[in-house]
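Contents: one structure, followed by commentary.
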Amino acid sequence: MKTVLIVAGIIVFLVYGFVLYCCIRVGKESDEQYNKLREGKEQENDRSRVCK
């Protein structure tokens with residue numbers, strides 16, 4: 001019974017770590033996409049100021 005609890009605890013810990021890793025990875029990708037979008041809009045604003 002003790003072994004089963006130890007194995008279950010290890011599995012829960014590994015799943016928790018994997019979920020955290022995935023959340024951080026997705027957050028990083030989302031942040032990069034947001035920064036690219038923001039840079040594109042800033043460049044677009046700079047162009048519109050020159051044209052006016």
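Note: hydrogens, waters and symmetry copies are ignored here, and every other heavy atom, side chains too, is used.
With sequence neighbours left out, Ile10 forms a side-chain contact (heavy atoms from CB on, under 4.5 Å) with Ile6, Leu14. Considering only residues two or more places apart in sequence or on other chains, Val26 meets the side-chain contact (heavy atoms from CB on, under 4.5 Å) condition with none of them. The salt bridge (charged side-chain N to carboxylate O under 4.0 Å, His left out) test applied to Arg38 returns no partner, not counting sequence neighbours. Residues forming a side-chain contact (heavy atoms from CB on, under 4.5 Å) with Val4 (at least two apart in sequence, or on another chain): none. Under the rule for a side-chain contact (heavy atoms from CB on, under 4.5 Å), Val12 has no partner lying at least two apart in sequence or in another chain.
Judged as a salt bridge (charged side-chain N to carboxylate O under 4.0 Å, His left out), the pairs with a partner in residues 5-28 (not counting sequence neighbours) are, in order, Arg25-Glu29. Sequence neighbours left out, not one pair with a member in residues 2-19 passes salt bridge (charged side-chain N to carboxylate O under 4.0 Å, His left out).
Taking a 4.5 Å side-chain heavy-atom cut-off between Ile, Leu, Val, Met, Phe, Trp and Tyr, the cluster of Val7 extends to Ile11, Val15, Val19. Tyr21 belongs to no multi-residue hydrophobic cluster, having no ILVMFWY side-chain contact under 4.5 Å with any other such residue.
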